[in-house]
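Have a look at the structure below before the remarks.
Throughout, a chain's letter reflects where its sequence line sits, starting with A, and its residues are numbered from 1.
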Amino acid sequence: MITLTINGLRASVEKGTTILEAARFLGFPIPTLCHHEGLSPYGACRLCVVEIGDGPGARLVSSCTYPAEEGLKVRTASERVIKARRMVIELLLASCPQSKVIQDIASRHNVRQQRFRQEYEDCILCGLCVRMCEEQMMAKAIGFRGRGSGRSIGTPFDIRSDVCRLCGGCMQVCPACQLRCTYTEPDKAVCGGCANLSPPCVEKEQFHDMMCYMSPCVACEIRKD
Amino acid sequence: METANILDIIHKSEGKAAIISILEDIQEKYTYLPEEALRLVATETGCSLTDVYGVATFYKAFSLKPRGKHCVSACLGTACHVRGAETVVAEFKGQLNLQPGETTPDNEITFETVNCLGACALGPIVVSDGHYHANVTKREVKDIIKATREGTHGSDGASKDYEFSLEASCPQCGQSLIDAAYYIDGHPSIRIDVMTDVGTGWMRVPSLYGNFVKILEHIVPEDALLTPLCPHCGSNLQGELGCLECNAPMGTMNVDGGVGIISICSRKGCSGHILTLNGATI
């Protein structure tokens, strides 16, 4: 067991526990975006920053990837943490303001404005869908491509992947998904017909081992009637 | 694209850990990474296609589009930039009528910009097929393109011009001595057997004319004499000619089905050689 102090409260946790898990266990809320139970931690969104250490040696780390250490002093809501977190929220809002998930987080942290050039990205590269596809669906149909400003998520060669079962798991976890509908280009990764209320998933019957995550699924609802 | 070639490249390396070097070898062979090749790499190494594609798109050195025979890179690093690389790049764009990263329609020249070549004192710098042009001005662009198309790059480019691949065969039995499973400098090697003081073993030499290393199965001193034998019929390949450099006997092989004869010195450390093509000695 490892003993650490979170916001002045001493806690003993098992080896291998992350700061995020320990803090949540003690009831300290830490906002997250790219973290999902059942998926490996990734540390992409930086929303879960916390301050560790004392005095001049204190630094900000992402709590979802930082394992608990013996005698570690953690502050989950210090002034510095809140400032950094609000900045992250502003940056998220600057890139993808239309996401309901990001709007909710911003409203919870009382961020009403952002100071950067407004963009309308349909992906924030949080990697949730990639991990969902690989770790829960065992498919590895989508992944990161390119780098820098050209980095994107999708299937190799932008064509329907052989291993994609159209389960919709990637859309289910996506915080920016509403705009990911590719129904007009059915060869793309995800059909996403949910958004335009026309019967999608026409190929659904071909997949016997399909695990569908769309709930409610417009296609199923329409077919039922 | 031949599946067998790519399988060769894949099986030469050690699976998953070597994915970058596999892709490098494929790119060297085909100038780009064909889609089928990436799929093959994925199935053979056990990596997912997504990972292979991710690696191939991450590194700028890899290209998924066919590239030209010649590659021209203009540096746009800070030092070159302030010395006017922008205008040089604009001139290239205009003359070749393409954007950086594209290839001319005749598949001759691929033009790209790079961020630093580490030779800032020479800027603006342009590299064409490994040849560095220093302090390039707008006016020189035309000459560089011309030299690149023709493959002539002034003095130190000239020695390179002699490098070409030879198809060697045994003068007695006529069977090919090319060993496609063993590459030297990106070309299949020539394999013959040699008799040495420590026994008979194989010797491999590059099929690329202009490169005269000898790779032996046994370790022998540099001045040792080797008796060359054909690996197929076992006949002695030693000819009448003596080496021009050290006077040792020379091993003789037919080139390109008999249009020429290549003789190489039988002394391990000697690079002496005579190539006769259609009766003319080079």
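How far CG of B:Leu49 is from OG1 of A:Thr155: 9.0 Å, rounded to the nearest 0.5 Å. Interatomic distance, CG of A:Asp158 versus OH of B:Tyr53, reported as 6.0 Å (0.5 Å rounding). Expressed to the nearest 0.5 Å, how far OG of B:Ser48 lies from CE of A:Met138 amounts to 13.5 Å.
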Starting from the C-alpha separation in whole Å, work towards a yes-or-no answer on side-chain contact (heavy atoms from CB on, under 4.5 Å) for B:Arg39 and A:Asp162.
CA-CA 11 Å; B:Arg39 288 185 189 277; A:Asp162 308 333; 3.9 Å; yes

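By a heavy-atom distance cut of under 4.5 Å, not one residue of residues 70-109 of chain B is near chain A.
Within a 6.0 Å sphere centred on OH of B:Tyr59, other residues, nucleotides and ligands contribute 12 heavy atoms or fewer. Within a 6.0 Å radius of CD in A:Gln113, other residues, nucleotides and ligands contribute 12 heavy atoms or fewer. Around atom CD of A:Glu14, no more than 12 heavy atoms belonging to other residues, nucleotides or ligands sit under 6.0 Å away.
Within the 3.5 Å criterion, the main-chain N or O of A:Gly143 finds no donor-acceptor partner in the side chain of B:Thr50.
When side chains are defined from C-beta on, A:Ile159 counts as touching B:Glu35, because their heavy atoms get closer than 4.5 Å. When side chains are defined from C-beta on, B:Val55 does not count as touching A:Arg145, because their heavy atoms never get closer than 4.5 Å.
For B:Phe58 against A:Arg147, the heavy-atom pair with the smallest separation is O-NE, 3.2 Å.
At a 4.5 Å heavy-atom cutoff, the contact between A:Phe157 and chain B is made by backbone and side-chain atoms alike.
Residues satisfying the side-chain contact (heavy atoms from CB on, under 4.5 Å) test with A:Tyr66, not counting sequence neighbours, are A:Ile19, A:Ile52, A:Arg59, A:Val61, A:Glu69, A:Leu72.
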